[in-house]
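To start, the structure under review is shown below, and the notes come after it.
All of these numbers come straight from a predicted model, not from anything done at the bench.
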Amino acid sequence: LYEKDLAQMVFTTISFVSSESYLTVPQLVRSYRAQALIKEGKIDEAMKMVKESLENFPKNVDLAIGLIPVLQKMGKKKEADEIYSIIKKSFDMVLKDYPNSPELRNSIAWISVNCIRDLDEARKHAEKAVELSPDSAGYLDTLAEVRFRQ
């Protein structure tokens with residue numbers, strides 16, 4: 001359905017409010033397809049798709065949250081660790097250049113808390129995001145979720 005919506009946008013005056021969506025929505029489709037492959041037991045095929053997706057969009061929050069917990073529940077720790085590592089390294093590299101980006105810090109914390117990894121570090125990122133942007137309900141929500149999980 002997402003792909004149909006995207007195709008219809010070409011022939012209409014409909015557009016996304018945020019230009020980022022032109023990148024994230026197609027990646028969301030890949031995430032759902034990879035989840036389906038994993039649930040069918042086609043782990044190698046899913047991992048190939050995931051790696052291709054991460055080459056194009058290495059900070060894919062939805063992919064991480066959608067796949068890592070599923071892989072962990074299936075006992076595919078190696079694959080879950082690999083995806084988490086790629087995404088985490090990508091965020092860490094960008095954060096070096098933009099240490100005062102509350103959005104980056106919140107994204108790192110959100111991935112970590114939803115994948116139940118690095119919760120102490122997630123808390124530091126969430127606290128910094130709230131410090132940088134104290135009126136953001138989303139950042140406060142992330143911090144609350146981290147504290148709850150801890």
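From F57, atom CZ reaches atom CG of L63 across 9.5 Å, with rounding to the nearest 0.5 Å. Distance check, rounded to the nearest 0.5 Å: OG1 of T12 to CD of Q8 gives 7.0 Å. Distance CD1/I65 to CD1/I68: 8.5 Å, rounded to 0.5 Å. Between atom CD of residue Q72 and atom CD1 of residue I83 there is a gap of 9.5 Å, rounded to the nearest 0.5 Å. In this structure, CD1 in I43 is found 6.0 Å from CG in L71, a value given to the nearest 0.5 Å. Annotation: the span from L54 atom CG to Q27 atom CD amounts to 8.0 Å, rounded to 0.5 Å.
Looking only at distances, a side-chain donor or acceptor of S107 sits under 3.5 Å from a matching main-chain atom of E103. A donor-acceptor pair is defined here as one N or O able to donate and one able to accept, closer than 3.5 Å; such a pair exists between the side chain of S112 and the backbone of I108. Distance alone, capped at 3.5 Å, is enough to place a donor-acceptor pair between the R105 side chain and the P99 backbone. With D141 contributing its side chain and A137 its backbone, the two residues share no donor-acceptor pair below 3.5 Å.
At a threshold of 4.5 Å between side-chain heavy atoms, the hydrophobic network of Ile, Leu, Val, Met, Phe, Trp and Tyr places M47 and L28 in two separate groups. M49 and Y84 are not part of a single hydrophobic cluster, where members link through side-chain heavy atoms under 4.5 Å apart. L67 and V29 are members of different hydrophobic clusters when ILVMFWY side chains are connected at heavy-atom separations under 4.5 Å. Under the 4.5 Å side-chain heavy-atom criterion for Ile, Leu, Val, Met, Phe, Trp and Tyr, V113 and V130 are members of distinct hydrophobic clusters.
Between A80 and R117 the shortest heavy-atom distance is CB-NH2, 3.7 Å. Considering every non-hydrogen atom in both P134 and L140, the closest pair reads O-CD1, 3.8 Å. Closest approach of K59 and S90 over heavy atoms only: CG-OG, 3.1 Å.
No side-chain heavy atom of D120 sits less than 4.5 Å from a side-chain heavy atom of D118. Annotation: side chain of P102 is not in contact with side chain of S136 (no heavy-atom distance under 4.5 Å). Looking at heavy atoms from C-beta onward, L95 lies in side-chain contact with H125 at the 4.5 angstrom threshold. Taking the side chain as every heavy atom from C-beta outward, L132 and Y139 never approach each other to under 4.5 Å. Considering only heavy atoms from C-beta on, N100 comes within 4.5 Å of K128 through its side chain. V25 has its side chain within reach of F16: a pair of non-hydrogen atoms, C-beta onward, lies under 4.5 Å apart. Counting heavy atoms from C-beta outward, N60 and S53 have side chains that approach closer than 4.5 Å. Contact check for V61 versus I87: no side-chain heavy atoms found under the 4.5 Å cut-off.
In summary, D92 and K88 engage in a salt bridge, as defined by a charged side-chain N under 4.0 Å from a carboxylate O. Between R123 and E127, at least one side-chain nitrogen of the basic residue sits less than 4.0 Å from a carboxylate oxygen of the acidic one, meeting the salt-bridge criterion.
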Should F91 and I111 be marked as a side-chain contact (heavy atoms from CB on, under 4.5 Å) after you check the CA-CA gap, both sets of side-chain angles, and the distance that decides it?
-> CA-CA 10 Å; F91 272 102; I111 290 169; 3.5 Å; yes
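For the residue pair D62 / S31, no side-chain donor-acceptor distance below 3.5 Å is found, with atom types taken as modelled.
Of the candidates E45, E79, E82, E82 is the only one forming a salt bridge (Lys or Arg N to Asp or Glu O under 4.0 Å) with K51.
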Just distance, no hydrogens or angles: give the donor-acceptor pairs under 3.5 Å from side chains in residues 32-39, sequence neighbours left out.
residue	atom	partner	partner atom	Å
R33	NH1	E3	OE2	3.2
R33	NH2	E3	OE1	2.8
R33	NH2	E3	OE2	3.3

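Heavy-atom neighbours of D44 CG from other residues, nucleotides or ligands within 6.0 Å: at or below the threshold of 12.
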